[in-house]
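Presented below is the structure to which this report refers.
Whatever order the structure lists ligands and atoms in, that order sets their numbers, starting from 1. Residue numbers start at 1 and run along the sequence shown.
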Amino acid sequence: MFIDSHCHINFPGLAEQQSAILARMQDAGVSHALCVSVNLEDFPQVLTFAENHANVYASVGVHPDHENIEEPSVIRLVELAAHPRIVAIGETGLDYFRLTGDLDWQRERFRTHIRAARQAGKPLIIHTRAAAEDTLRIMAEEGAAETGGVMHCFTESLEVAQAAIAMGFYISFSGIVTFKNALALKQVAQTIPLEQMLIETDSPYLAPVPHRGKTNEPAFVCHVAEEIARLRGISIEEVGEMTSHNFFRLFKAAA
Ligand SMILES: [Zn+2]
Ligand SMILES: [Zn+2]
């Protein structure tokens with residue numbers, strides 16, 4: 001009924017209780033989850049988890065927040081993405097909030113991922129924070145529209161959402177949309193077409209209301225769907241059905 005399109009089940013806090021997490025997903029009606037890579041070092045762990053569970057997919061990529069770690073090349077990413085359980089390239093993108101100074105390396109790394117996605121023919125998972133303008137510019141310069149993808153844990157304006165949608169990207173909402181003060185984001189969730197939306201937890205971070213402040217997990221994605229349903233005046237079932245359908249359309253993953 002629901003799919004968590006972005007989680008980090010391999011992170012401390014969740015890694016120790018993977019079978020319990022899968023059981024709670026089932027109880028909450030969360031049929032699938034996409035476990036997203038943030039570096040090459042932990043990639044084998046992420047892949048093994050997806051290989052061992054038919055309802056868990058994986059991605060390959062290096063997060064923009066990780067400085068001074070193994071830098072991925074286009075060839076390496078394409079090679080790793082060839083595995084049938086790897087449905088996307090990422091997470092990648094730009095983050096000018098956590099890091100400052102000369103971030104040329106971050107932009108170069110982002111370009112590398114877009115080139116790899118185009119070569120591999122797989123969609124992108126894009127993280128953008130305090131860097132919307134550069135993110136959209138690099139997406140356009142590198143032809144990201146060719147593969148499409150998702151703007152994950154979206155917190156930007158309606159204009160940024162629309163620009164990304166125009167390039168064939170989906171907009172994914174996390175628990176942030178359930179926060180009382182996230183008024184602008186609630187408006188984005190109300191306005192953009194349901195056909196372009198995904199839902200996610202980004203767990204173990206950003207637990208939605210009513211679990212705010214606790215360790216997040218894929219089962220909680222239903223609260224994101226609930227808030228979107230409330231905002232749009234539709235049923236939670238409709239949000240679940242449409243976002244699941246969108247997930248399979250984007251990631252071409254076998255159910
Ligand atoms: Zn992210
Ligand atoms: Zn993430």
*Check Glu91 against Pro64 and note the closest heavy-atom contact, atom names and distance.*
O-CD, 4.3 Å

*Would you mind reporting whether Arg111 and Ile138 have side-chain heavy atoms less than 4.5 Å apart?*
yes

_Under a 3.5 Å cutoff, is there a donor and acceptor pairing between the side chains of Asp4 and His32?_
no

*Please state whether the separation between the Zn ion (ligand 2) and some N/O/S atom of Cys153 is under 2.8 Å?*
no

_the Zn ion (ligand 2) - closest N/O/S atom in His6_ = NE2

*asked:* Would Arg85 and Glu51 count as a salt bridge (Lys or Arg N to Asp or Glu O under 4.0 Å) here? Give the steps.
replied: CA-CA 7 Å; Arg85 304 296 297 166; Glu51 281 176 328; over 6 Å; no

*asked:* I need the OD1(Asp202)-the Zn ion (ligand 2)-NE2(His8) angle, rounded to 10 degrees.
replied: 90°

*asked:* Of all the N, O or S atoms in His127, which has the shortest distance to the Zn ion (ligand 1)?
replied: ND1

*Quick one: report the N, O or S atom of Glu91 that is nearest to the Zn ion (ligand 2).*
OE2

*asked:* Any side-chain to backbone donor/acceptor pair from Thr112 onto Glu108? Under 3.5 Å, distance only.
replied: yes

*State the atom name: nearest N, O or S atom of His152 to the Zn ion (ligand 1).*
NE2

